[in-house]
Chemist: 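Dropping a structure here in structure tokens format, bear with me for questions.
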Amino acid sequence: MSDEDAELVQQCRAGNREAFTVLVLRHQKTVYNVALRVLGHPEDARDATQNVFLKVFEHLDSFDPRHRFFSWVYRIALNEAINRRSRRQQPTELTGEEPDQVPGPEAVVAGEQTGKALEGALQRLVAEQREVVVLRHVAELSYEEMAEVLQVPEKTVKSRLHSARMRLRELLAEEHGPVGAP
Amino acid sequence: MTDPRLLALLHAELDGELDAPGQAELASHLATDPELARLRAELAAVDAGLAALPAVEPPAVVLADILAGLPPVRRESVVVPLRAPAAVPTTLPSVAPVTVIRSRRMVRVWAYAASLFAVVGAGVLLQQSGLLTAELAGEAAGTLVQPGASAELLDSVPLEFPGVSGRAQAFRDEGVRLDIELANAEDLRVVVLGGGTEQALAAPRQANGARQQLQLKLPAAAIAAGRVNLRLEAQGRVVGEASLAVQPSGHTRPAEKP
């Protein structure tokens, strides 16, 4: 846990609400983006983020300060987002908007179409794969940190990430032709 | 089907974990295997695309919702209850505790208040982060506080106007704190004038006579001025006005008005 987080958690436990506000400000962007990439819908991500921090506040006393605060928070965020997605059942495109036109293979390699195509493909990954992609590329965690969040060995994290990478390539190719094709 | 060992080298390279011997081995295969080279380019494109996904700023209401959803701060002593039950018209339903959020809309109302309080109280990062919209900041002037606090009662007046029923109470609390309880059939703007400042609160209309709680803090200068005036507006017209006496500590507290 970073010194700043540790200090803030300590202050929160002492009843300092402002310290909790600062903790939220420090981590809400990542939590929101993790939820957004898992759920694919801003409104759901918003509600999930709120629930995450309310759970964090509620269970702050049970948090083990020997661990990193963000690992704990991101684990809660992933669980919240995945559970919420399971309840919803129907996957949703990230923005609910379809691209104006289907991009050709050349458009998939760069530009905003890449993002839309990837966001769509991300929603089609199985939960385990989506988790590692989100932690790696959205939360920007190291493999060690990802292993801590997911509570699995590092080699499992890497294996899942490699599978996810291959699956995303397949999904993009199915939709738009070979990824990176000229 | 790509050789699993070569695939492992490709992933290790993308992960930035391929050592020099591995790089040399991979390079030799890439030079002679166009299929492997194509796979490498495609996987690299996937990684590059993921890395380029934009990070979205959470809406300001996220923080506001979180703060509004927190349990109330426990206080050891309660001098005066927020409302006087005897003064509440019996025709209206009883009021839930202010800390019970009964609808998402109410969450949002308190949410704005809570987030603004966080800005003032903690002096932290909200404004720097652009989390406060100008409209919100202007509407409440950054002085709303969370419900639940209590202090010395200075004055209490009923707010009974067409389509409006409620009560305003002034408390001494490092200045003056106004607790306003309203059941209003149409959207209201509550304008508060005191201590040389004018502030406004939004009071969305409530269904089925439900009541809402508003709180506002005024600077210590409001005490020196002696009075705080309220004006309730709906769509630009004045629905009603009220005035509360706020006296310095030690002065005789005025009798509660019926």
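Only this structure's heavy atoms are used, side chains among them; waters, hydrogens and symmetry mates stay out.
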Chemist: What is the distance from atom CG of A:L122 to atom CG of B:L50, rounded to the nearest 0.5 Å?
Modeler: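 One finds 7.0 Å between CG of A:L122 and CG of B:L50.
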
Chemist: Roughly how far, to the nearest 0.5 Å, is the OG atom of A:S159 from the NE2 atom of B:H11?
Modeler: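 Reported to 0.5 Å precision, the distance equals 9.0 Å.
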
Chemist: Could you tell me which non-hydrogen atom of A:Q28 sits nearest to which non-hydrogen atom of B:P58, and how far apart they are?
Modeler: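 Answer, listing the atom of A:Q28 first, then B:P58: CD-CG, 3.8 Å.
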
Chemist: Quick one: pull up CG in B:L63 and OG1 in A:T49 and give me the separation to the nearest 0.5 Å.
Modeler: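 Atom-to-atom, B:L63:CG and A:T49:OG1 are 11.5 Å apart.
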
Chemist: Which atom pair, heavy atoms only, marks the closest approach of B:V62 to A:R46?
Modeler: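 Scanning both residues, the minimum pair turns out to be CG2-CG, 3.2 Å.
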
Chemist: Among residues 142-150 of chain A, which residues come closer than 4.5 Å to chain B, judged by heavy atom distances?
Modeler: A:Y143

Chemist: Looking only at non-hydrogen atoms, find the nearest pair between A:F53 and B:I66 and report the distance.
Modeler: CD1-CD1, 3.5 Å

Chemist: What verdict does the side-chain contact (heavy atoms from CB on, under 4.5 Å) test give for B:L10 and A:H162, after you've listed the backbone C-alpha separation in whole Å, the side-chain angles of each residue and the deciding distance to 0.1 Å?
Modeler: CA-CA 10 Å; B:L10 276 184; A:H162 297 170; over 6 Å; no

Chemist: Shorter than 4.5 Å, heavy atoms on both sides: which option in A:L161, A:V24, A:L54 has the most such pairs with chain B?
Modeler: A:L54

Chemist: Is it true that A:R165 and B:D15 have a side-chain N and a carboxylate O under 4.0 angstrom from each other?
Modeler: yes

Chemist: Check each atom of B:L7 against the heavy atoms of chain A and say whether the ones under 4.5 Å are side chain, backbone, both or neither.
Modeler: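 Side chain only.
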
Chemist: Relative to chain B, which segment of A:V52 carries a heavy atom at a distance below 4.5 Å: side chain, backbone, both, or neither?
Modeler: neither

Chemist: So what's closer than 4.5 Å to chain A heavy atoms on B:A55: side chain, backbone, both or neither?
Modeler: both

Chemist: For A:T21 and B:L67, work out which heavy atoms get closest and say how close.
Modeler: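 Shortest heavy-atom separation between A:T21 and B:L67 comes out as OG1-CD2, 3.6 Å.
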
Chemist: Determine whether B:V46 and A:M166 make a side-chain contact, defined as any pair of heavy atoms from C-beta on separated by less than 4.5 Å.
Modeler: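 Heavy-atom side-chain distance check fails, nothing below 4.5 Å.
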
Chemist: Looking only at heavy atoms, which two atoms of A:R37 and B:P54 are closest? And how far apart?
Modeler: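 Scanning both residues, the minimum pair turns out to be NH2-O, 2.7 Å.
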
Chemist: Do other residues, nucleotides or ligands put more than 12 heavy atoms under 6.0 Å from A:E128 CD?
Modeler: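 Atom CD in A:E128 is not crowded, with 12 or fewer foreign heavy atoms closer than 6.0 Å.
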
